[in-house]
Structure formats: structure tokens, C-alpha cells
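Structure, as C-alpha cells:
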Number of protein chains: 4
Amino acid sequence: MAKERQAQMTGMISNTDLGKAESHTQAQQARILIAAKACFVESGFHCASVANIAKTAGMSPGLIYRYFENKNAIIFAIIEQQLLESRNKIRALRAADDLGPAVLNYLDSSDGSSDESVGTSLFLEMSAEATRDSEIAEALGRYDNAMRVELADLLNRSASGGDKKPTTPVAPERVLALVCMIEGLMIRKAREPNLDRKALKSAIDIIINSLLN
Amino acid sequence: MAKERQAQMTGMISNTDLGKAESHTQAQQARILIAAKACFVESGFHCASVANIAKTAGMSPGLIYRYFENKNAIIFAIIEQQLLESRNKIRALRAADDLGPAVLNYLDSSDGSSDESVGTSLFLEMSAEATRDSEIAEALGRYDNAMRVELADLLNRSASGGDKKPTTPVAPERVLALVCMIEGLMIRKAREPNLDRKALKSAIDIIINSLLN
Amino acid sequence: MAKERQAQMTGMISNTDLGKAESHTQAQQARILIAAKACFVESGFHCASVANIAKTAGMSPGLIYRYFENKNAIIFAIIEQQLLESRNKIRALRAADDLGPAVLNYLDSSDGSSDESVGTSLFLEMSAEATRDSEIAEALGRYDNAMRVELADLLNRSASGGDKKPTTPVAPERVLALVCMIEGLMIRKAREPNLDRKALKSAIDIIINSLLN
Amino acid sequence: MAKERQAQMTGMISNTDLGKAESHTQAQQARILIAAKACFVESGFHCASVANIAKTAGMSPGLIYRYFENKNAIIFAIIEQQLLESRNKIRALRAADDLGPAVLNYLDSSDGSSDESVGTSLFLEMSAEATRDSEIAEALGRYDNAMRVELADLLNRSASGGDKKPTTPVAPERVLALVCMIEGLMIRKAREPNLDRKALKSAIDIIINSLLN
DNA sequence: CATGAATGAGGATTCATTCAT
DNA sequence: GATGAATGAATCCTCATTCAT
């Protein structure tokens, strides 16, 4: 189909990328969010134009507004989506026997996009935006609190060697240190994409170890 | 002088804030950069308008273009300035006897502005921009390398208890871990400005200790 | 039926409001015109959107175009409808014994809508539009001529005390004065909805009297 | 000058039309208002585009926003201007010995534009808008009250044959009747530009006479 | 007949940049 | 050097209209 081929050649998103969405509305919203994510990564929240998002999504600009009230709503949706994904990835760490490799894996895990730096780029974009928009700041704050609980649990169980009942709850400063390290690593990944993986792994191990004993 | 008083009342930057600059050109550039920094912190690189920067600097929009080729040049200059400041602050850590408090101090140190979050906000802005602009990415990359050397030296001397000649050079992964922690802490400061300082201090100590033995 | 109830709750027009229309097409057109009138009164000809008319009519936007060629055709139809209604109301004045109360009654008479200002609002809208659209101007012109004949007759019979054969035909300037007064009163009603009715009645009487002797 | 000639050929407004304005800002605002008035008369408040106003004013669209906050502000300014002009014209009636010719003159008096129907067209536009915008409604309401006072005074003095001290104040219903007649006449002028002037004059006289005895 | 998704031109508004004074 | 008026391209968003289902 001509349209399909054109979509691929111009970097537009084809239907096959979309996965299964139950309703047409959800499918369209998903399509827009995928396009928006790509545009936001490439240009940032503010320089990405609705027109470009529409083109990337393979639809007309006007149609965007049937599915999102305005551009800001798209930004919010992207942020919520990223936070949700991030939460899920953190939760997935639970299953890990060994915390170090799990964290490394977390950093590597992309969201299905070919470019792994997507997550990091949006993370920076979101964090910067949170310093100006209180609504976004609140969303990130809620996420941060939830993450801390999750990571505390994780540290707890890792510290007790996998036993279900750790003797003492983990100290909050250890959780804080873990959060900082993870986010610091994300920044490094964004700024030095070719970072030596071995060094990365070692750095993680050093800190993880200091947090576990 | 009427203009001077008006500048102060409206939050504009007056000549007396500028310190000593050798030439008029330098003084004007400095004035613009101070204004730009304030605007960028408040609105981000892209939402801050040249008109607003000019108003904050107490000059006409047209004059901006006598001292900077365009808005992008201002962004570059701000970034270079921030990197330079950051470098100086890192170097100042050398004098410290104890690494932990020094790092805490680094996070607190503002650049003379009353608002301490200036540095963090611009750090996010710069990092996000670096993911899109290769020139900026390179500048940050150069800074990153320089910093690593600096921090390696710092760790070296701290590990050897202040002796001038450490027996073994510090491992690169420890430097990496330190960088991640510092930047992770900056992110935390941006996203949770009311973070408990005691926890912050403890988190720093945990990691510093693990890096020094 | 769920849809019916929803229609009532949201102010949409239900089938039961429509009266008897012979064909389905006529019924649909009537439904659209009722909705359009409401929207035009609320937002004016140009700010009322087809989408909103459709929603008010309880139908899809696309369906509008099965019954009217475009939005302009709806405006024309509304205008013709208003002129027809107005003509009928003027004709109804014939039956009146006393011209003064009849005119007052004319101003009050609504078109079945609960809001009496509908007629006035559309009158302004139409008149304004007539200054730009020659087709509308012509329609109003035809109406104006017909009205003058009607009002001349009315004045004639009123002047002659109800006798069927007045001795002299009424002068055109008296008809003109009557038209001006009626329309001037409509404007007043639109701009001062809380106008004192007693003063209104007196004002009408003064002029009517001067026109009858 | 080429620009000047082009302005004339395309119906743009040249500097010479502007009269004396003290500041540049006032001159530009006046230029915009003149253009806006022309556009509003031609297309109505809502269909006139800012782009077209700018073109008519012989300036770029962006410049409009240096002198008016938004399109609505232009509409407000036009309305205030019209009300002011109208007030002045009404006040000028005071000097008249004879009320009838004075009213006729009022209807004829244009605002310097070549097209006499400008006032009427804007009058309809304003009145229609007042039914939807409460701020405009209030402005017109204030004008209406002021006008009534003015017209009451006028009637008073006319009734008393120019004596300074009329024995009895004029009844409000007479003022109301006068207002209706004047505005009714404006509508007629808009809808029937070729109205017979003799009939018009006679109609005015009939009513004026009935109001004065 | 009916739906409502889709289109795309057009409208209001902003803003980096230029230039006459 | 300095001003700020002026430009015009670009942005977000709306809406009349069409058409596949």
C-alpha cells in the first residue's frame, strides 16, 4: 500500500508499530503518543511542533485535537506514560537475584524503541519541565515517593540475602543514595553514550555493595 | 538616576551588580548573560524570549544582537559559563580535608544568585539540550573528561589520607561512581527541593566511604 | 431510551419538540433549524459552529450536510424562517382592535422558545448580515416592502376607526415612522432587557396616537 | 513614494488620512482603528481577520499586537470610539434650533469616512455583540443612560421653545420614544440605503411633533 | 440514512531578528 | 552605541466540509 510505504520512508509510524489497542480512540492516542515521544526526544517538549507530531504520526494536525485537548495534554500523557514504564521496570527488578546486574539491566532496558537513549532524554526533559510546572512537579513527586518505597523494599530483601523477613528495615539514606546513583547513571548514559560498559558495571557494583552491608 | 531606580524596582539588573569588566563590551555581555541566566532558569532555554532577556538586562532587544550573534550564542555562552563555574567549584574541593562535607557544600554553593537552585536548573537544561545539539554535547563531553581527571585526583589524595604521592592511581570506576552520585544528587535537589539535609548528608557519606577504601 | 434522556439533560432537541412535519426530510430540516436558531442566538451566525449545531440537534455533523448544502444555507433558511414568522405576527395585528397593545404584544411574542429575546437577537444578526450579503439584503428588502403594505393597511383601518373603507389612504411617511418605532423598540429590548414596561407602553401610545390623527 | 502609491491602489490607509496624533503610539493605534473599522464594516467583527486589518493598515500582522493586546481589544476600542462619536453628535444637536432637521442631520453625519453607512453598520455589529458579551453590554448600557439624559435635556429645551427654564421636566417615555425612533431610523438607513429622503424627513417630523406638545 | 473520523485551510498570536533613526 | 518599531515566519488551534463505513 502506497501510504504504508511512504510512512516508512519518511519515518512516519505505521499501524504495525502500534500493538493492540482496544478501541480506535486508544489506538489513535497511542499512535500520537509514539509520534510525540519521537518528536520530543528529537526536539524537546517546546520545540517539537504539533504539526511535526502530526506528520510523524501520519495524520493531519487537526486530528491531534480530537484525541488530546492541546499540546500540553500530550506532554502530560507522555510524562505519565514514562513514569508508568519506569515504575514497571523498577518493579521488575524485584525478581532479580542480584541487584547489580539488575540495575545495569534497568539502564539498558528501552521501551521498544530502537534508540535506547529515549528514556534518558525524556527523563531530562521531564525533570527540567518539573522545575517550572508545578503540576508536572507533583506527578514526579508522587512517582519519586512510590519509587523510594519500591527501592527500600528491594534493598531490604537484597540485604537479607533473599530472606523474606529482614531483621531491620533499610535506612532512608541508603534508598536516597540508590536513587541518586541510578539517576546519575542515566545522566551519564545520556551524556556519554559510548561509556565503557565494564566501568559502568564496576561502578554500580561498588555502590550497591556499600549499600548492602 | 531614575533609570537605575526603576531597574531595581522591576528586578532588572543594574550596573552595580556586574562587577568589574575590563571593556564596555565585556560589561555588556556580562549584563546580558546575567539576565539570560535568570530567564533561562525561569522559563528554560527555549521559552525564554530575547525580549524578556533584554528587559531583564535593562536594555533594548536590538542591543542584544550587538553583543551576541543570536539567541543560540547566548545559550552557548551560558553553558560555557556554567561549565567554567562548575569546574572552579570542583577544583575548590581540593582544598577540603574531608570529601563528604565538601560535596555537600558543592551542591549548596550557588553562583552568587540568591536562588540556590540556579545551578541545578541550568544543569538539567544543558543536559537536555546536549542530547539534541552536538556542539553542546561536545562541550559537555570536554567538561566531563576534565572533571574526571579532577575527581580522580581528588579521590586519590583523599584515599591516601592527604599524602602528596598515592601509591596506586584510583580506579576509573570509582570516579564514575562519584560523578554519578554528584549528578544524581543534583537531580534530587531539583526534584525535591525540601529534601531532608541529614539524609542527604548520610547518603553522601555512605557512598564516599565506599569509594575511599 | 438512553439517547433521548441524554438529549434532554444536555439541552439537545428531542423528537417530541418538533411538531408534525410531513416528510422525514422536513422533520430533519426542522430539527436542524431549531438547533441552529438556538446556537445563532447564543453565539451569532459566525461563531456558532456546525459541530455545535449538530450536537444541539442531536445528530452527527455529517448529517447536517444531507439536509443543507452548507452552513450558509442554514443561515439563509433561518433568516427566511424568521421573516416568515415576523410576517405572520404582523398579520396577526390586523385582528387587534387597538394598535398600541397590539404592538406591545408583537414585541413580547416569542416564537415558542422560552427565551423572548430570540427574535430580537436574530433580528440584529440578520440586519448586520444584510449589510454584507446582498442576497440577504434582498430578502430583507422584500420583507420590508411587504411589511409596509401590511402596516399601511393596519394604519388605514385603525385611523378610520375600524371602518372597512377609509376615505384617504395613509401617508407613506406614517408607515415609515411606524416601522422605525417598532424596530427601534426591538433594539431597545435587546440592549435593555429590563426596560420598564410601563414606560414602554406609554412610548408606544404616544407615537401610535400621533400616527392616527 | 512607491509605498504610498501601493497603499492607495490596494485600499490601504495612507498617513495623510490619519490627522494629527500626538505620539507615534497614538498615530499607530489610530491607523489600526481606521483599518479595523473598515474591515469590521466589510466583514463583521468576527469574520474580519487580524491579517486583513494589518494589510488594510499597511503594516505587518505582528505589529498590531504592539498596539493592541489582542483582537478583542481592537473591537472594544472601536466600540468605545463609536460611542464617543455618537455622544458628540448627539451633543451637537443641542445647538440646533429645530429638532427635526437636527435628527435628520444626525443620521446623515458620517465620521469622515466616505461611506455614510459605516456608523449604522457598526451600530448593528455592536448591538448584536452586546447580546453575548456582558462587558460590551455594560458599555452600551452606560452610553444609553448618558444619551437618555442628553435627549431628555434636548426635548426639554425644544418643548419650552428654547427658554432656559422649562416649566415641567420631560416624561421618560418621550425620551424612550425618541431613542427608538432614532435607532429605528438607523436600521432603516442600513436596510434601505435609497430611502426617499422626503419621506424620511416627514416621518421624523411627525414623531418629533408628537413628542413636543 | 447516519455516523464521526479525517482533512487542511485559515485564524490569532508570538518571537527571533533587522534596521532606520 | 543604543533604541524600539517593524517584519514575517512559525506556532497552536478551530472548524467547515468530506467520505469510508
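The chains referred to below are lettered A, B, ... by the order of the sequence lines, with proteins before strands, and numbering in each begins at 1. What's counted below: heavy atoms across the whole structure, side chains too, no hydrogens, waters or symmetry copies. Just so it is clear, the model here is predicted, and its values are computed rather than measured.
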To the nearest Å, how far apart are [X] [atom1] and [N] [atom2]?
X: B:Phe45; N: E:dC15; atom1: CZ; atom2: P; answer: 17 Å
X: D:Ile53; N: E:dT13; atom1: CD1; atom2: P; answer: 10 Å
X: C:Arg66; N: E:dC1; atom1: CZ; atom2: C1'; answer: 5 Å
X: C:Met59; N: E:dG4; atom1: CE; atom2: P; answer: 12 Å
X: D:Ile32; N: F:dT7; atom1: CD1; atom2: C1'; answer: 14 Å
X: D:Ile74; N: E:dG11; atom1: CD1; atom2: C1'; answer: 13 Å
X: C:Ile64; N: E:dC1; atom1: CD1; atom2: C1'; answer: 14 Å

Exercise for review: Could you let me know what F:dC13 is paired to, Watson-Crick or G-U wobble, both distances under 3.5 Å, or none if it's on its own?
Suggested key: E:dG10
Practice item. Tell me the partner of F:dA20, counting only Watson-Crick (N1-N3 plus N6-O4 or O6-N4) or G-U wobble (N1-O2 and O6-N3) with both under 3.5 Å; none if nothing fits. Key: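 For F:dA20, the partner nucleotide comes out as E:dT3, under the 3.5 Å rule.
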Check your understanding: Would you say F:dG4 has OP1 or OP2 under 4.0 Å from some side-chain N or O of B:Ser60?
Key ->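 Answer is no, no contact under 4.0 Å.
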Practice item. Take nucleotides 13-21 of chain F nucleotide by nucleotide from the 5' end and write B, S or -, depending on whether a protein heavy atom sits under 4.0 Å from the base, only from the sugar-phosphate, or from neither. Key: BB-SBBB--
Review point. Would a distance-only check, ignoring hydrogens and angles, find a side-chain to backbone donor-acceptor pair under 3.5 Å from D:Ser23 to D:Gln26?
Key: yes
Review point. Looking only at atom types and distance, does a side-chain atom of C:Thr131 sit under 3.5 Å from a main-chain N or O of C:Ala128, one as donor and one as acceptor?
Key: yes
Practice item. Find out whether C:Gln81 and C:Lys37 are in side-chain contact, i.e. whether some heavy atom of one side chain is under 4.5 Å from a heavy atom of the other. Key: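 Answer yes - side chains close enough.
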**Study point:** Sugar-phosphate only, base, or nothing, as touched by C:Tyr67 at under 4.0 Å among non-hydrogen atoms
**Key:** sugar-phosphate
Point to revise | Test log, rule side chain to side chain contact (heavy atoms under 4.5 Å, CB included), inputs C:Phe45 and C:Lys71 | key: CA-CA 9 Å; C:Phe45 285 159; C:Lys71 186 180 166 184; 6.0 Å; no
Review point. Between E:dC1, E:dA6, F:dA6, which nucleotide has the shortest distance from any of its atoms to the side chain of A:His24?
Key: E:dA6
Point to revise | Point-to-point distance, once rounded to the nearest 0.5 Å, from CD1 of D:Ile75 to CG of D:Asp133 | key: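 Going from the CD1 atom of D:Ile75 to the CG atom of D:Asp133 covers 8.5 Å.
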Review point. If you look at every heavy atom in C:Ile32 and C:Ala57, which pair is closest and at what distance?
Key: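 Heavy-atom minimum between the residues: CA-CB, 4.4 Å.
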**Study point:** Audit row: B:Tyr67, B:His24, side chain to side chain contact (heavy atoms under 4.5 Å, CB included) steps and yes/no
**Key:** CA-CA 10 Å; B:Tyr67 299 104; B:His24 179 66; 3.6 Å; yes
